[in-house]
Amino acid sequence: MFSQLSQLKDQRVLRRDILASLVVFLVALPLCVGVAVASGVPAELGLVTGIVGGLVVGFLPGSSLQVSGPAAGLTVLVYEAVTDFGIGALGAIVMVSGLLQLALGALGFGRWFRAISVAVVQGMLAGIGLVLVLGQVYAMADTAQPSGGLGKLAGLPGLALDIITDGTALAAFLVGAMTVAVLIVWPRLPARFRVVPGPLAAVALATGVTLLLDLPLAKVEVQGLLESISPPGAGDFGQLAGVAAIGTVLAFTLIASAESLFSAAAVDRMHDGPRTDYNKELMAQGVGNTVCGALGALPMTAVIVRSAANVQAGARTPLSRILHGLWLLLFAALLPAAIGVIPLAALAAVLVHAGCKLVPVKDMAPLWREHRGEAVILVITAVAILVTNLFEGVILGLLLAVIKTAWEISHLHLDVRELTGGRMVVSITGNATFLRLPRTMEQLEALPKDRPIELDLSGLHHVDHACRIALENWALRHNDAETEPVRMHPPTVS
């Protein structure tokens, strides 16, 4: 890292990194606040996580240009944790998750997160996106959201009726819709407009319209940075003894780590600088989450939107991500009242837009044509998250991915050759696992019982216990008493 910072002796590199830090700050500001509000915690806690992501993780080795902070992808899980265990326990959950990440990185598990099925990760993000959109569309109308994915779906007709009949809900929804429209249109505008990041422009415009028309919309509640910080106590850690809390900790650890390392792989493709050290990056995220947990703040991950903005703005060293944390700190300390004029509908709209981008609609058709099994896993994972919860949906997706892989690698071919004299040679090649056992036994049992049979297993790469026992039992019992017993070659398999 220090070798990279030595590049700052070049005034052009220094200027680029400072400008990039301002761009990342402007992108991060509305997202930090929006993710916090959607997670059911004070807005300032989102800024605290962004500050730690810059001023702590920014100094650590791993991925030099990746930016960390609160992520939309964890909003649903954080909201569920706050609802189930309370905001005090959130810090304990985040802190333990951070310590687990540190341990995993120290033990060299960082690179193994790259082995997680892409279909499961995409399904996880799609499920999160669906739940996020369904929840935040209620917030766009200043209306309380029902609990559970199915409850949110069932409540949509009632929400539509409220928007039509309630003037305040209609005004809030129109402000939110305008925010989404700006976010969609902004990337298509000339470059001179896009100097200001889209999320900031959309939220600023929505805030200006709300103030100009004096609309009676719900605003972000401001407590103050120091007042929002609440370190977890002994009682909060005591709540982690339950099965549900342990599942939440594991879900935080798995999802935050996977999202961060997948983001690192994506960022590495965007620049030609030093590559990511995945174990060090996982440890850096662990340090960040441990600090965030100690402060009672939101969990952090590396965030692809902010990281991409950093690279595209011309950053060359970690200075840009460090400074973005400093700008967040100065804003939260010097201009906290500016947060209090932002309408909640605008922040909800930013997250609706972010949630829609998590659902890989454009990728589904080619994925279905080329890898149908992966597409099925993606859809089932997303629907399971929507119907149950994030942890159970991801576990189901991982289980399906393992089963699919096991099925694909257990290729088994049975070939029957008849020799002179009536002897039959049955050759089995491939990998004999219990998944292929029913079909294999049907083929063997269909062979004539009155002919000498030799079972050639020399072409098998692997035979599991279930197949070994089944083959041995078949060889002992298949032929009639008057016929030569089935001979196995080799006589024992393992």
Side-chain angles (χ1 to χ4, degrees), residues 31-53 56-57 68-102 128 131-132 135-136 139 145 147-148 220-260 285-303 328 332 339 347 351 385 389-392 394:
L31 291 173
C32 288
V33 175
V35 168
V37 171
S39 300
V41 303
E44 289 86 349
L45 290 184
L47 293 173
V48 171
T49 299
I51 291 165
V52 173
V56 176
V57 178
S68 299
L74 285 175
T75 301
V76 175
L77 188 58
V78 174
Y79 183 84
E80 291 176 355
V82 172
T83 303
D84 294 341
F85 308 109
I87 192 170
L90 176 64
I93 292 171
V94 174
M95 190 172 182
V96 173
S97 299
L99 293 172
L100 279 176
Q101 286 181 304
L102 262 172
I128 290 169
V131 176
L132 191 60
Q136 294 306 302
Q145 57 178 286
S147 61
V220 177
E221 295 183 9
V222 180
Q223 296 182 7
L225 194 62
L226 293 178
E227 291 79 2
S228 299
I229 294 174
S230 178
D236 297 319
F237 285 100
Q239 291 193 61
L240 304 188
V243 174
I246 292 172
T248 301
V249 169
L250 293 176
F252 269 73
T253 305
L254 172 66
I255 295 167
S257 302
E259 187 169 344
S260 295
Q285 295 296 321
V287 171
N289 275 315
T290 302
V291 174
C292 286
L295 298 174
L298 291 173
M300 74 164 54
T301 73
V303 194
L328 286 173
I339 303 173
L347 293 177
L351 292 177
I385 289 171
N389 58 55
L390 190 58
F391 183 68
E392 292 177 9
V394 171

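Atoms considered below: every heavy atom in the structure, side chains included; atoms not considered: hydrogens, waters and symmetry mates.
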- Message: Listing request: all side chain to side chain donor-acceptor pair (under 3.5 Å) pairs with a residue in residues 236-245, at least two apart in sequence or in separate chains.
- Response: none
- Query: Among L45, L47, L298, V37, which residue meets the side-chain contact (heavy atoms from CB on, under 4.5 Å) test with C32?
  - Reply: L47
- For A256 and M300 the tightest heavy-atom approach is CB-O, 4.0 Å
- Message: Under the rule for side chain to side chain donor-acceptor pair (under 3.5 Å), what residues qualify as partners of Q136, not counting sequence neighbours?
- Response: none
- Query: Shortest non-hydrogen contact from G46 to A36?
  - Reply: N-CB, 3.6 Å
- Side-chain donor-acceptor contact under 3.5 Å, Q285 with S68: yes
- Quick one: are V96 and L240 in side-chain contact, heavy atoms under 4.5 Å? yes
- Nearest 0.5 Å, what's the CZ-CD1 distance between F237 and I93? 10.5 Å
- Message: Let me confirm one number: the CE-SG distance from M95 to C292, rounded to the nearest 0.5 Å.
- Response: 11.5 Å
Donor-acceptor contacts, no H, no angles, side chain residues 81-89, under 3.5 Å, sequence neighbours left out:
from : atom 1 : to  : atom 2 : distance (Å)
T83  : OG1    : Y79 : O      : 2.8

- Message: I need the minimum non-hydrogen distance between P232 and G293, along with the two atoms involved.
- Response: CD-O, 3.1 Å
- Any residue meeting side chain to side chain contact (heavy atoms under 4.5 Å, CB included) with L295, in chain and number order, not counting sequence neighbours: V48, V52, I229, V291
- Query: Would you find a donor on one side and an acceptor on the other, under 3.5 Å apart, between the side chain of T75 and the backbone of A38?
  - Reply: no
- Smallest heavy-atom separation, V57 atom then G288 atom, equals CG2-CA, 3.6 Å
- Minimal non-hydrogen separation, L328 against G50, with atom names: CD1-C, 3.7 Å
- Contacts of T49 that satisfy side chain to side chain donor-acceptor pair (under 3.5 Å) - sequence neighbours left out: none
- Message: Testing the basics here: between I339 and A43, what is the closest heavy-atom pair and its distance to 0.1 Å?
- Response: CG2-CB, 4.3 Å
- Query: Considering the options L77, V78, I255, T253, which one meets the side-chain contact (heavy atoms from CB on, under 4.5 Å) requirement together with P299?
  - Reply: V78
- side chain to side chain donor-acceptor pair (under 3.5 Å): pairs with one or both residues in residues 36-47, sequence neighbours excluded: E44-S228
